[in-house]
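Reviewing the structure listed below.
When a residue number appears, it is its place in the shown sequence, counting from 1. From a predicted model like this one, the values you see are computed outputs, not experimental measurements.
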Amino acid sequence: MNNNVERQLKNAGQIKASESVDWMLAHGVSSITTNDLAALLGIPKNHVPQRMAALKQRNQIVTPARGLWVPVPPEYMTWGAPPAIEIIDAIMSHLETDYYIGWLSAADLHGASHHAPQVFQVATSRAIRSKTAGRSHFQFYHRERIRKVLLIQKETKSGIVYVSSKETTLLDICNDVGIIGGLDNAANLIMELCDTSYTDMNSLVALTEYYPVTAARRLGFLLEYFTEVTDLDYLKAVCEKQNTSPSILDPQGLPIGILDASWCIKVNREVLPDV
């Protein structure tokens with residue numbers, strides 16, 4: 001049970017279903033489980049969906065995961081749910097899953113907003129089906145390295161969320177080009193991310209341990225030719241230590257092209273960023 005919910009439940013009297021959303025919002029309860037909601041209403045837990053049906057139909061409460069209820073503040077009722085960033089931590093905590101906000105969604109939070117993401121992209125420690133809550137569409141990607149890569153915490157109205165660091169985001173973009181809309185968009189995002197703030201190359205190089213060498217090579221190539229980042233020698237040295245066949249710049253293209261020997265990568269097409 002959430003500590004805040006537990007504390008509030010101890011002090012709560014009998015609450016009617018029609019009063020429950022106002023009570024939750026007034027007491028800072030941003031999410032509640034079916035069991036806790038049943039205790040709040042003084043009813044069996046299997047009666048909760050029926051009692052809450054009218055509020056759910058009026059977009060006053062939403063269930064982004066089975067057994068989890070999220071009150072909708074008045075300013076978001078036309079959306080049908082709070083924004084994705086306000087409820088993702090509650091969803092993942094309820095599902096007992098490690099996570100971080102990544103790829104396009106992380107890039108947007110880091111200031112690279114050239115292309116507003118159409119889905120909210122989240123790395124998770126186990127496979128989870130995509131979800132929709134109001135206007136928000138969640139896309140989850142199972143990744144083994146969640147506890148190893150560098151993350152940051154970002155404050156929200158409802159608490160905190162975990163976001164891939166700028167350096168983790170750069171490597172994710174280059175490792176999962178298809179997820180972020182292709183190679184040209186990868187170049188766009190990398191240019192914007194490197195324009196917004198300092199890139200910690202020591203942290204970035206340390207992170208390459210958890211990624212295929214192709215991601216590091218692709219990132220190095222794009223950093224060298226499309227940004228003003230200059231301290232690439234350490235990254236290049238790490239890539240050179242990998243005694244593997246050349247990587248492909250665009251994984252969605254054919255394995256042909258001129259070899260860029262400095263990054264051991266076949267340039268199989270021209271990169272055309274639009275920023």
Side-chain angles (χ1 to χ4, degrees), residues 1-10 12 20-21 23-25 27-41 43-49 51-52 56 61-73 76 80-106 109 117 119-165 168-169 172 175-176 179 207 210-211:
M1 183 185 293
N2 179 284
N3 289 336
N4 183 45
V5 174
E6 183 177 15
R7 184 171 59 254
Q8 297 296 347
L9 284 175
K10 286 181 178 179
S20 59
V21 169
W23 182 89
M24 284 185 269
L25 293 174
H27 290 80
V29 177
S30 57
S31 65
I32 191 169
T33 65
T34 296
N35 287 344
D36 293 342
L37 189 50
L40 178 67
L41 301 178
I43 60 175
K45 66 178 183 179
N46 61 318
H47 291 185
V48 169
R51 292 288 186 93
M52 303 302 291
K56 189 175 179 180
I61 200 163
V62 64
T63 51
R66 185 175 182 179
L68 181 69
W69 301 79
V70 174
V72 182
Y76 297 125
I85 196 170
E86 297 293 340
I87 61 177
I88 185 59
D89 192 73
I91 294 172
M92 294 296 100
S93 295
H94 181 67
L95 297 176
E96 299 181 340
T97 302
D98 294 326
Y99 79 97
Y100 66 79
I101 300 167
W103 297 281
L104 290 170
S105 300
L109 293 171
V119 295
F120 198 73
Q121 297 178 326
V122 183
T124 56
S125 57
R126 64 182 178 89
I128 297 176
R129 292 182 179 179
S130 58
K131 298 179 181 296
T132 298
R135 293 183 181 181
S136 298
H137 303 286
F138 297 88
Q139 190 69 53
F140 301 103
Y141 302 94
H142 179 205
R143 293 294 182 268
E144 299 289 347
R145 55 181 173 265
I146 286 180
R147 293 189 177 184
K148 299 176 180 178
V149 298
L150 185 61
L151 308 180
I152 63 171
Q153 293 184 5
K154 181 177 177 62
E155 290 187 5
T156 67
K157 293 178 181 178
S158 55
I160 62 167
V161 294
Y162 296 95
V163 184
S164 59
S165 69
T168 300
T169 304
D172 276 346
N175 190 54
D176 301 302
I179 289 177
L207 285 167
Y210 307 112
Y211 290 84

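Counted within 6.0 Å of CZ on R51, heavy atoms from surrounding residues, nucleotides or ligands total 12 or fewer; the atom is thus considered open. Annotation for K131: atom NZ counts as buried by contact number, over 12 foreign heavy atoms lying within 6.0 Å.
One distance of note links CD1 of I101 with OH of Y162; it measures 11.5 Å at 0.5 Å rounding. Atom CG in L151 sits 9.0 Å away from atom OG1 in T169 (nearest 0.5 Å). Distance check, rounded to the nearest 0.5 Å: CZ of F140 to OG of S125 gives 11.5 Å. A distance of 8.0 Å separates OG1 in T34 from NZ in K45, rounded to the nearest 0.5 Å. Taking CG of L37 as the start and OG of S31 as the end, the distance is 11.5 Å to the nearest 0.5 Å. Within the model, atoms CZ of R143 and CG of D98 stand 15.0 Å from one another, a figure rounded to the nearest 0.5 Å.
A side-chain donor-acceptor contact under 3.5 Å links D172 and Y100.
Here the shortest heavy-atom pairing between Y99 and I160 reads OH-O, 4.1 Å. In this structure, A106 and V163 approach most closely via the heavy-atom pair CB-CG1, 3.9 Å. For R66 against H94, the heavy-atom pair with the smallest separation is O-NE2, 2.8 Å. When all heavy atoms are compared, the tightest approach of V62 to P64 is O-CD, 3.3 Å. Closest approach of L150 to L207, counting heavy atoms only: N-CD2, 3.4 Å. Taking every heavy atom of both residues into account, V122 and W103 meet most closely at C-CZ3, 3.8 Å.
Between M92 and I128, some side-chain heavy-atom pair lies under the 4.5 Å cut-off. You'll find the side chain of Y141 stays beyond 4.5 Å of the side chain of D176, heavy atoms only. Residues V149 and Y211 have side chains in contact (heavy-atom distance under 4.5 Å, counting atoms from C-beta outward). Contact check for I87 versus S158: no side-chain heavy atoms found under the 4.5 Å cut-off. Within the 4.5 Å cutoff, the side chain of F138 has heavy atoms near those of the I91 side chain. In this structure, V21 and V72 have side chains that are not in contact, with every pair of non-hydrogen atoms separated by 4.5 Å or more. Side-chain contact between M52 and L41: present, with at least one pair of heavy atoms (C-beta onward) separated by less than 4.5 Å.
In terms of modelled atom types and a separation under 3.5 Å, the side chain of Q121 and the main chain of I179 share a donor-acceptor contact. In this structure a side-chain-to-backbone donor-acceptor pair under 3.5 Å is missing from H47 to A38.
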Determine, stepwise, if the pair L95 / T124 fulfils side chain to side chain contact (heavy atoms under 4.5 Å, CB included). CA-CA 10 Å; L95 297 176; T124 56; over 6 Å; no

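Pairs engaging residues 148-161 under the salt bridge (Lys or Arg N to Asp or Glu O under 4.0 Å) rule: none recorded [sequence neighbours left out].
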